[in-house]
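Here is the structure we will look at.
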Amino acid sequence: MPKDFRNIEYHTNQDGDGVRYYACSTLNTKRKELIFHKNKGAIVQMRWEVSIGEDIKNLSESFKFTPQFGEFVEYQNLFDYINQVCRKEKMNMKIVDLQVSWQKDFVFKINPLNLELGHLWLWDEGRTKNYKWDKNEWVEF
């Protein structure tokens with residue numbers, strides 16, 4: 001199976017139509033579009049609780065999870081990313097709310113030469129789910 005310059009596997013059709021099929025997305029090099037498969041890409045909102053002295057402060061952040069692209073090149077799974085990166089970088093913080101809007105349609109413009117993501121071009125929110133950390137796993141509630 002061929003790999004791109006980032007060492008990520010994909011496959012193509014034999015007709016050379018300029019389409020690459022990755023594990024979580026389809027890249028159309030002619031149309032310069034990256035289309036994530038249903039429920040693979042997401043808009044994520046996390047709320048953190050951090051202790052500062054005797055006070056507890058709430059922080060929040062949101063991001064677009066784009067598996068195998070952008071800052072998530074090494075990840076196909078959102079929860080792997082959260083467990084390996086977010087929780088380790090913010091050890092003194094506790095995730096108190098994790099809201100994930102899994103996308104039915106999640107299409108980005110992309111530069112096919114360097115695979116740099118452009119703007120979010122089209123999206124259609126599937127179902128928003130809330131998760132909590134319980135007994136060493138993320139559980140939907």
**Message:** Looking at Lys57 and Glu49, is there a salt bridge between them, counting it only when a charged N and a carboxylate O are closer than 4.0 Å?
**Reply:** no

**Message:** Tell me whether Lys32 at atom NZ has more than 12 heavy atoms from other residues, nucleotides or ligands lying less than 6.0 Å away.
**Reply:** no

**Asked** Trp123, Phe36: one ILVMFWY side-chain cluster at the under-4.5 Å cut-off?
**Response** yes

**Message:** Any non-hydrogen side-chain atom of Phe5 less than 4.5 Å from a side-chain atom of Leu115?
**Reply:** yes

**Prompt:** Can you tell if the side chain of Thr26 reaches within under 4.5 Å of the side chain of His37, non-hydrogen atoms only?
**Reply:** yes

**Message:** So His119 and Trp121, do their side chains get closer than 4.5 Å, heavy atoms only?
**Reply:** yes

**Message:** Please say yes or no: joined through hydrophobic side-chain contacts below 4.5 Å, possibly via intermediate residues, are Tyr21 and Ile35 part of one cluster?
**Reply:** no

**Message:** If you apply the rule side-chain contact (heavy atoms from CB on, under 4.5 Å), what do you find for Asp124 with Phe106, and how did you get there?
**Reply:** CA-CA 7 Å; Asp124 183 9; Phe106 208 38; over 6 Å; no

**Fill in**
Here the gap from Gln84 atom CD to Asn77 atom CG, rounded to the nearest 0.5 Å, amounts to 9.0 Å

**Message:** Evaluate Glu33 against Lys109 for side-chain contact (heavy atoms from CB on, under 4.5 Å), listing each step before the verdict.
**Reply:** CA-CA 5 Å; Glu33 293 176 349; Lys109 288 297 184 181; 3.7 Å; yes

**Asked** Under 3.5 Å, is there a donor-acceptor pair linking the side chains of Glu61 and Trp48?
**Response** yes

**Complete:** Residues Asp17 and Val19: closest non-hydrogen pair is OD1-N, 3.1 Å

**Request:** Verify whether the ring centers belonging to Tyr10 and Tyr22 lie closer than 6.0 Å.
**Result:** yes

**Prompt:** Can you tell me how far NZ of Lys30 sits from CG of Asn28, rounded to the nearest 0.5 angstrom?
**Reply:** 8.0 Å

**Item:** Centroid-centroid distance, Phe65 to Tyr75, less than 6.0 Å
**Value:** no

**Prompt:** Which heavy atom of Val100 sits nearest a heavy atom of Ala42, and at what distance?
**Reply:** CG1-CB, 3.6 Å

**Prompt:** Which residues pass the side chain to side chain contact (heavy atoms under 4.5 Å, CB included) test with Leu122, sequence neighbours left out?
**Reply:** Val107

**Message:** Looking at every non-hydrogen atom in both residues, tell me the closest pair between Ala23 and Gln76 and how far apart they are.
**Reply:** CB-OE1, 3.4 Å

**Prompt:** At their closest point, which heavy atom of Ile110 faces which heavy atom of Leu27, and how far apart are they?
**Reply:** CG2-CD1, 3.4 Å

**Request:** Take Leu120 and Lys64, measure what side-chain contact (heavy atoms from CB on, under 4.5 Å) needs, and give me the verdict at the end.
**Result:** CA-CA 9 Å; Leu120 176 58; Lys64 295 172 188 77; 3.6 Å; yes

**Asked** Among the clusters formed by ILVMFWY side chains lying less than 4.5 Å apart, do Leu117 and Phe63 turn up in the same one?
**Response** no

**Request:** Please report the closest heavy-atom contact between Cys24 and Gln68, naming both atoms and the distance.
**Result:** N-OE1, 3.8 Å

**Prompt:** For Glu125, does the CD atom have more than 12 heavy-atom neighbours from other residues, nucleotides or ligands under 6.0 Å away?
**Reply:** yes

**Request:** Begin with the C-alpha distance, continue with both residues' side-chain angles, and end with the deciding distance and a verdict on salt bridge (charged side-chain N to carboxylate O under 4.0 Å, His left out) for Glu140 and Arg127.
**Result:** CA-CA 12 Å; Glu140 181 182 354; Arg127 206 169 122 204; 3.1 Å; yes

**Prompt:** Is there a side-chain contact (heavy atoms from CB on, under 4.5 Å) between Lys129 and Tyr131 once you walk through the steps?
**Reply:** CA-CA 7 Å; Lys129 297 181 179 184; Tyr131 297 89; 3.3 Å; yes

**Item:** Trp138 and Asn83: side chain donor to acceptor below 3.5 Å
**Value:** yes

**ILVMFWY cluster, Phe141 and Trp133 together (side-chain gap under 4.5 Å)** = no

**Asked** About how many Å separate CD of Gln103 and NZ of Lys38, when rounded to the nearest 0.5 Å?
**Response** 12.0 Å

**Request:** Could you tell me if the ring centre of Phe108 sits under 6.0 Å from that of Phe69?
**Result:** no

**Complete:** NZ (Lys40) and OG (Ser25) are apart, to the nearest 0.5 Å, by 10.5 Å

**Message:** To the closest 0.5 Å, what do you measure between CG (Asn111) and CG (Leu34)?
**Reply:** 12.0 Å

**Request:** Apply the side-chain contact (heavy atoms from CB on, under 4.5 Å) test between Met46 and each candidate in Leu59, Asp97, Leu98; give the one that qualifies.
**Result:** Leu98

